[in-house]
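The structure appears below as structure tokens.
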Protein chains: 2
Amino acid sequence: MENDLTVNDNPLRVLVVDDERPIRRFLRTALGGQYTIFEAENGKDALQIMITSRPDIVLLDLGLPDIDGVEVTRRLREWTLVPVIIISVRDREEDKVAALDAGADDYLTKPFSVNELMARIRAALRHCAKPEIESVYQSGDLVINLALREVRLHDQLVMLTPTEYDILRVLVTYAGKVLTHHQLIHAVWGGGNEANAHLLRVNISNLRRKIEQDPLRPRHIITEPGVGYRLRDIE
Amino acid sequence: MENDLTVNDNPLRVLVVDDERPIRRFLRTALGGQYTIFEAENGKDALQIMITSRPDIVLLDLGLPDIDGVEVTRRLREWTLVPVIIISVRDREEDKVAALDAGADDYLTKPFSVNELMARIRAALRHCAKPEIESVYQSGDLVINLALREVRLHDQLVMLTPTEYDILRVLVTYAGKVLTHHQLIHAVWGGGNEANAHLLRVNISNLRRKIEQDPLRPRHIITEPGVGYRLRDIE
DNA sequence: AATTTTCTTGACACATTCTTGAGACTCAGC
DNA sequence: GCTGAGTCTCAAGAATGTGTCAAGAAAATT
């Protein structure tokens, strides 16, 4: 757009995730003049670099050796709204839909034109002027770090089951707000699953046993009778 | 993403801009079940409909008879951030770059897969999720926050039962206006339930005990004899 | 294949909330 | 003052919601 008058002294940061070194080198050459480039050759490194270097946008290959790109996207969306552009050889409709629905912002098929990529990067950066999610929740002695996927009580790591963590993550994302049973069940077990409020209660109970000082008088996970649960807002 | 907790009662509105009637019909068929569809066959109409109908997203063909799609995009960006997805037969790099830099959010080449289009629509809509409206009612020392589902008296949290909260929520929604017994009963207990005015009175009584300074001389929940109840408007 | 962990289900105790009925109160109009 | 319709409050049983335990099924890990 013509209106963009800002001159960027410190260039925007781009994380390139691809297991093939030539492609990383190619992208570094193509984009390096304009952006600061970070590289990762697998999903694990990518998630790590996201935390340490906080890039402004991610170019992500799907075919990584360890974690699949779609899964990487999903993990990122647990705590950040950073724009993610998928760059993949896979051209099938299902792949695109899966990646976009996992939270990717755009999907480009290899081989691609550098100019188009750069235009799509500009477009993606444009509409992401949104405030970031708070990725660390802290209340008293309880610290929940969504980026590290880790929960600490008195600096002590708390081991949660995947389901327990999911519930807690949703609660943190909407900290302070009431989430109905239905909303939580939908968010954790997906849309198809219906009406298992009991399961939710059991998990909340287990969760409380692990993160509450006194599970009988919960200070963090508050019951809203007849409605759902709420994570006490940061005090 | 599973985390999307919003439940849309009124469907999102999609504006389809294409000069070929078959394509408009095709898109209406494909998307009509999920979205409300508006159509325009040229750029002038499109810009007009944008103002009158305020759609949530625009699917825009480039080859329009009057104004070029890129120009339409540029005009839109002068006053709105509505997501624009270009759908065009043009596959050249320059066209894509021009459209994206004019402010389009995505670019899809005809022929395209419907599933991919729908996934890209979902992705585009995700970007501009509207921030929630904080609906707060305040009257003197009574504060009712519908978003947080929280009622405070003197900054002190008031615990309400689900039914009590429901009644109060309806009253707040129509603050200042008289709601008949029948309207309240219908809103709280649903359509089938009939004629239990006594139940309503008991709940109003309990509600007053919790949120009124002097339940005998209510200042917030006013009785309109023979008609119903009314929440005193913000003073 | 064996082991561990996690998920899911059912049973039960406990707490809260809903609903109902009885009675008291208010305020017109007679 | 009396009557009656409408309103308010209280209290108790019924109904529903919630938390916990434990055991079998399923899944992941070894």
Side-chain angles (χ1 to χ4, degrees), chain A residues 66-67 71 149 151 157-171 178-190 192-230, chain B residues 2 149 151 157-169 171 178-185 187-190 192-230:
Chain A
D66 52 348
I67 316 172
E71 181 57 29
R149 273 177 151 259
V151 178
L157 259 180
V158 180
M159 300 307 284
L160 298 181
T161 71
T163 316
E164 286 162 5
Y165 181 80
D166 275 347
I167 293 173
L168 196 56
R169 178 170 54 75
V170 177
L171 286 172
V178 180
L179 293 168
T180 66
H181 301 131
H182 186 270
Q183 287 177 318
L184 277 167
I185 291 166
H186 181 89
V188 174
W189 285 275
N193 215 321
E194 198 52 51
N196 208 338
H198 182 47
L199 229 170
L200 177 63
R201 278 195 221 101
V202 174
N203 276 284
I204 291 280
S205 173
N206 295 334
L207 207 41
R208 276 176 175 155
R209 183 142 28 91
K210 290 182 183 177
I211 66 171
E212 296 278 5
Q213 300 263 358
D214 179 6
L216 293 172
R217 213 164 296 104
R219 288 163 18 92
H220 299 115
I221 301 177
I222 313 293
T223 302
E224 296 285 344
V227 187
Y229 297 92
R230 175 171 62 84
Chain B
E2 296 293 357
R149 202 178 189 284
V151 178
L157 261 179
V158 180
M159 301 306 282
L160 298 181
T161 73
T163 319
E164 285 161 6
Y165 181 83
D166 276 348
I167 293 173
L168 195 56
R169 180 172 48 75
L171 286 171
V178 180
L179 290 166
T180 66
H181 300 134
H182 186 269
Q183 285 178 318
L184 275 167
I185 291 166
V188 175
W189 284 274
N193 216 320
E194 199 51 51
N196 205 339
H198 181 45
L199 229 169
L200 177 63
R201 285 203 205 92
V202 173
N203 276 284
I204 292 280
S205 170
N206 295 334
L207 206 42
R208 276 174 176 156
R209 181 143 30 90
K210 290 182 183 178
I211 66 170
E212 297 279 5
Q213 301 264 356
D214 179 6
L216 294 173
R217 212 163 297 104
R219 288 160 17 95
H220 298 116
I221 301 177
I222 314 294
T223 302
E224 296 286 345
V227 187
Y229 297 92
R230 174 172 63 85

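Numbered from 1 within each chain, the chains take letters A, B, ... in sequence-line order.
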Closest to side chain of B/Arg209, choosing from C/dA22, D/dC10, D/dT20:
D/dC10
Closest listed nucleotide, where the reference is the side chain of A/Thr163 and the choices are D/dT20, C/dC7, C/dT8:
C/dC7
Separation of atom CG in A/Leu216 from atom P in C/dA13, rounded to whole Å
18 Å
Rounded to the nearest Å, what distance is computed from the CD atom of residue B/Glu164 to the P atom of nucleotide C/dT17?
8 Å
Do side-chain atoms of B/Arg219 reach the backbone of B/Gln213 as a donor and acceptor pair under 3.5 angstrom?
no
Measure the distance from CZ on A/Arg208 to C1' on D/dT20 and round it to the nearest whole Å.
12 Å
Would you please confirm or rule out a distance under 4.0 Å between OP1 or OP2 of C/dT9 and any side-chain N or O of A/Asn196?
yes
Is any side-chain nitrogen or oxygen of B/His181 closer than 4.0 Å to OP1 or OP2 of D/dG6?
no
Out of D/dG6, C/dT17, D/dG19, whichever nucleotide has its closest atom nearest the side chain of A/Tyr229
D/dG19
So which atom in B/Pro218 and which in B/Ile222 form the shortest heavy-atom distance, rounded to 0.1 Å?
O-CD1, 3.9 Å
Expected output: side-chain A/Glu212 to main-chain A/Arg217 donor-acceptor under 3.5 Å:
no
Side chain of B/His198 - closest among C/dA22, D/dG17, C/dT9
C/dA22
To the nearest Å, give me how far apart CD (A/Glu212) and P (D/dG19) are.
11 Å
Selected nucleotide, minimal atom distance to B/Arg201 side chain, candidates D/dC21, D/dG6, D/dG19
D/dG6
So what does B/Tyr165 touch, heavy atoms closer than 4.0 Å: a base, only the sugar-phosphate, or nothing?
nothing
At 4.0 Å (heavy atoms only), tell me whether B/Ile204 reaches a base, stays on the sugar-phosphate, or touches nothing.
nothing
Against A/Thr163, only a single residue in A/Leu200, A/Asn203, A/Leu207, A/Val202 fulfils side-chain contact (heavy atoms from CB on, under 4.5 Å); can you say which?
A/Asn203
side-chain contact (heavy atoms from CB on, under 4.5 Å) with B/Leu179: of B/Ile185, B/Leu171, B/Val227, only one passes, and it is B/Leu171
Separation of B/Leu207 atom CG from C/dT17 atom C1', in whole Å?
14 Å
What's the CD-P distance between A/Glu224 and C/dT16, to the nearest Å?
15 Å
Answer yes or no: does a side-chain N or O of A/Trp189 lie under 4.0 Å from OP1 or OP2 of C/dT8?
yes
Report the distance from atom CG of B/Leu199 to atom P of C/dT19, rounded to the nearest whole Å.
5 Å
At under 4.0 Å, does any side-chain N or O of B/Ser205 touch on OP1 or OP2 of D/dC8?
no
Establish, with yes or no, whether the OP1 or OP2 oxygen of C/dT16 is under 4.0 angstrom from a side-chain nitrogen or oxygen of B/Thr161.
no
What is the distance, to the nearest angstrom, from the CD1 atom on A/Ile185 to the P atom on D/dT18?
11 Å
